[in-house]
Amino acid sequence: MQQKGKDNASSLLDKLNEAQRAAVEFCDGPSLVIAGAGSGKTRVLTYKIAYLLEKGLPPFYILALTFTNKAAREMKIRIAELVGEKKARSLWMGTFHAIFSRILRNEAEAIGFQSNFTIFDTSDSNNLIRLIVKEMNLDDKLYRPGHVHGQISRAKNSLITPAMYAANDEILQYDRMAKRPRLFEIYERYQNRLRSANSMDFDDLLMYTNILFRDHKDILEKYRNQFQYILVDEYQDTNFAQHLIVKQLADIHHRVCVVGDDAQSIYSFRGANIDNILKFKSNFQETQIFKLEQNYRSTQNIVNAANSLIKKNSEQIFKDVFSENEPGEKIEIRSSFSDFEEGLIVANKIARMRLEEHASYGAFAILYRTNAQSRIFEESLRKNNIPYRIYGGLSFYQRKEIKDVISYFRLIVNPSDEEAFRRIINYPTRGIGDVTVGKISAAAASHQVSLWQVLSSPTAYNLEINAGTLKKLDAFQTLIADFIDKNNQLNVFELAQEVVKNSGIAKEAYEDMTPEGMSRTQNIQELLNAMSEFVATRQEQGEENIQLVDFLSEVSLLTDQDTDKEGEAEKVTLMTVHSAKGLEFDHVFVVGMEEDLFPSQMAKSEIRGLEEERRLFYVAITRAKKTCSISYAKSRFKNGITNPAVPSRFLKDIDPKYLSSDSILGAESSFMTQADDFWGSMRTERIQKQERTISIPKKVTPLQQVASSIPLSKEAENLEEGDVIEHERFGRGVVTSIEMSGNDRRAFVDFESAGKKQLLLKFAKFTIIGHNENNR
DNA sequence: TAACACTTGTTTTTT
DNA sequence: ACAAGTGTTA
């Protein structure tokens, strides 16, 4: 047995290159695998897990965290092929959110939740925030739900609880200057409301896991002991909360392997912190670093072009990605008169290449920066009779009718769920309006109970409503109570049918004969099918007691990427660059390479944002195996009007020797000169733009106003080692060293609260508040 | 309370 | 252009 295990383990290693093998074989301490694009990152992870299993580690002891459910599923399949399905199935493998929601359900009581808690998606969160802002009589223009939620999300990702938030002078100061002084209060109320709804938002799943581990060492101990080996994929896209979970779980045995590519970190807007991977070595002592540098995916030209682009970024771990594939064709940059023409050009080229290169439609992908760009390509592809499949946009489970049905399930599983309650109390319409809901809500708030409790005994809470309304409320209460009852008797699918039938949803759906209504009916039917399938798969896997809460849990953490359908292979793929991460295609079209679109307008103000956009472009190019075409339009229709567009600054970041001759010619005749012209005038234009926005207070935060009024260059010039500075975002810090990088000066600063950061002096916004005299 | 017209922000990416 | 939220009217 031992011998056999060894044979299997070493035969696994035979299928890897030297660097991959070294990374797989090292199991005795923390390791960081820096995996260049297309270097077999997934291969290393799957083989490493298989290797561990063959070495005799039980699957139950292995924790593997992935970025998407799809990645987890695919990896499980591959591992099953290597070591058998039985072992693969018992692995703890999934997204952070999926795995830790599972753990939180097991341990819910320890943190004051019930194990049947429901999960709020972003729109649920925004609805609740909108409600709270209204209840507090605040200006909803100032406290826009999206903004507020973003701020709360950032706090949670940094493990700042409402109490900590309210006690942090720096944050409060920031909020005051941003004219949102009561954010801390909204955060607190929001969190209380979630708790009394026995619900969590996405960020809570990570924050409460940390709170659980912080306050219950025995529980932490239990999982520490269980997870003998921890693997994390896409480590560059983890945030602080995730990092700390991994760190704590690995703190005893130190057997942790994280895989990632700092050059592909593209989720900082969601709280991902590139420092997690840049500083992994200092966070985990005696880390072994492995670099996977051979790209097996793309042609040499594509790899070289991508390298020349990413070299323009300042923050990165050095690596030398190379390809031994054929040299391949050069990258073509095409310009077009309009976005409309861009669509036609791409569609025509796909049609032509398919015939000339005998490529199937499935070999093509069109990648864009924003989902809104998909429409124009849909049109052009449809005109050319080219089949396509769009990823992204709003997912199946975000559709109104689906969310409505799901809300019934949520309320059945967790009657405290406030959002679900509000959503369906008058859907389908049963004559219970805003006024009545308001009264229930007020009663619930003043008695510190859930809406459901008020509904269940309206007289006990002195609801002042007329007899007719009371009757309607009672009918609704009975309906749901009846479902709750049935939930204990019927299986998930049977209950779902019952809900659709008895709630009146079915009746309403059938009566609506409009095309949209028919499509809604179809979607609801599809949801029922999905549930039936869910029950069937779980049963096949030997699970007996399949609960509605399990279905909900799975569904609320599902991504659009995860709902993959069969028979989509022969279609052109349309998706955002973000969702293309981890995928590959023979022929890639990166479209809409224009200023303010790619890089996005939002990202431009900060150097870090700009570097992230460049990484995003890097991700886009490195998806291509054989050919990569880049395009931009000179005019683009956006928000209802057509605007002139200017080629992206990133185009000149690619070394021209990797571009096809006609794109270089084209560049010289039109875009380079035109663009250079533009880039020359950019600075003045940017400044004008800034000034313009300053005069409109709601567009710019006061902090930025203050910062832009400071003469930056003088500050930057005079900066010396040992100086104390006050930075716009990071607060107070000491300059530990200054060095040249390229033509720019860069300061390394140790901030009091934000930790160590690098600042490009050209761009950093700060003031010197203390000079170091010893230096003179 | 429900249906309708009007206004408003929205568009960077998503677990 | 469009969806979503708000206000107005029956």
Side-chain angles (χ1 to χ4, degrees), chain A residues 65-72 94-101 119-123 125-127 130-131 133-134 140-141 144-147 149-150 153 156-157 200-206 233-234 237-239 241-242 265-272 367-376 391-395 397-398 400 426-438 466 468-469 472 555-562 575-581 592 596-605 609-610 612-613 615-617 619-620 636-642 698-699:
Chain A
L65 298 165
T66 59
F67 193 68
T68 60
N69 298 298
K70 190 180 169 196
T95 62
F96 272 91
H97 293 84
I99 294 285
F100 293 105
S101 69
I119 297 168
F120 274 34
D121 69 15
T122 311
S123 68
S125 296
N126 285 342
N127 287 340
R130 186 174 296 117
L131 205 66
V133 168
K134 208 178 270 175
D140 55 359
K141 300 239 159 49
R144 287 216 303 281
H147 260 162
H149 183 235
S153 174
K156 287 183 175 178
N157 287 156
M200 297 194 191
D201 67 14
F202 287 137
D203 305 310
D204 281 338
L205 295 174
L206 304 175
D233 194 9
E234 308 282 12
D237 288 322
T238 53
N239 58 39
Q242 292 169 320
S265 161
I266 54 175
Y267 280 97
S268 78
F269 68 91
R270 207 171 78 191
L367 306 181
Y368 35 77
R369 180 67 239 276
T370 66
N371 278 310
Q373 288 165 262
S374 69
R375 273 194 73 171
I376 207 133
Y391 290 76
L394 86 159
S395 83
Y397 289 99
Q398 301 282 341
K400 209 179 296 161
N426 201 27
Y427 171 83
T429 48
R430 43 176 72 89
I432 303 172
D434 290 345
V435 181
T436 309
V437 175
N466 62 45
T469 311
K472 290 175 193 162
V555 148
S556 49
L557 297 173
L558 223 50
T559 334
D560 187 54
Q561 320 293 305
D562 300 322
M575 55 168 64
T576 63
V577 183
H578 278 91
S579 38
K581 190 176 77 161
D596 290 348
L597 185 61
F598 203 161
S600 129
Q601 201 170 5
M602 308 288 195
K604 268 174 36 175
S605 52
L610 211 49
E612 175 149 320
E613 294 284 307
R615 290 195 293 270
L616 195 55
F617 189 27
V619 169
R636 182 165 295 274
F637 186 79
K638 207 171 152 190
N639 291 351
I641 37 166
T642 303
K698 64 176 177 183
K699 274 275 171 187

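Computed over heavy atoms, backbone and side chain alike; hydrogens, waters and symmetry mates excluded. Proteins get letters first, then strands, A, B, ... in listed order; numbering begins at 1 in each.
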Checklist entry - Which part of the nucleic acid, if any, lies within reach of D237(A) when heavy atoms closer than 4.0 Å are counted: base, sugar-phosphate only, or nothing? => result nothing

Next on the checklist: Below the 4.0 Å mark, does dA4(C) have OP1 or OP2 next to a side-chain nitrogen or oxygen of N126(A)?
Outcome noted: no

Checklist entry - How would you label the contact of F67(A) with the nucleic acid (heavy atoms, under 4.0 Å): base, sugar-phosphate, or nothing? => result sugar-phosphate

Checklist entry - Residues in side chain to side chain donor-acceptor pair (under 3.5 Å) with N157(A), at least two apart? => result D203(A)

Checklist entry - With a 4.0 Å cut-off on heavy atoms, is T429(A) in touch with a base, just the backbone sugar-phosphate, or nothing at all? => result sugar-phosphate

Checklist entry - Has R144(A) got a side-chain N or O lying under 4.0 Å from the OP1 or OP2 atom of dT10(B)? => result yes

Checklist entry - When the distance from CE of M575(A) to C1' of dT12(B) is rounded to whole Å, what number comes out? => result 16 Å

Checklist entry - Checking all strands, does R615(A) fall into the base, sugar-phosphate, or nothing category for heavy-atom contacts under 4.0 angstrom? => result nothing

Next on the checklist: Would you say R369(A) places a side-chain N or O within less than 4.0 Å of OP1 or OP2 belonging to dT11(B)?
Outcome noted: no

Checklist entry - NA contact type, T436(A), heavy-atom cut-off 4.0 Å: base, sugar-phosphate, or nothing? => result sugar-phosphate

Next on the checklist: For dT13(B), is there a stacking contact with Y267(A), counting only centres under 5.5 Å and planes under 30°?
Outcome noted: no

Checklist entry - So, is N371(A) near the phosphate of dT12(B), with a side-chain N or O under 4.0 Å from OP1 or OP2? => result no

Checklist entry - At under 4.0 Å, does any side-chain N or O of R270(A) touch on OP1 or OP2 of dT13(B)? => result no

Next on the checklist: Using a heavy-atom cut-off of 4.0 Å across all strands, would you classify V435(A) as base, sugar-phosphate, or nothing?
Outcome noted: sugar-phosphate

Checklist entry - Where each pair must be Watson-Crick or G-U wobble with both distances under 3.5 Å, what dot-bracket representation of DNA chain B is obtained, with crossing pairs in [ ] and other-strand partners as |? => result ||||||||||.....

Checklist entry - Does T576(A) put a side-chain nitrogen or oxygen below 4.0 Å from OP1 or OP2 of dT12(B)? => result no

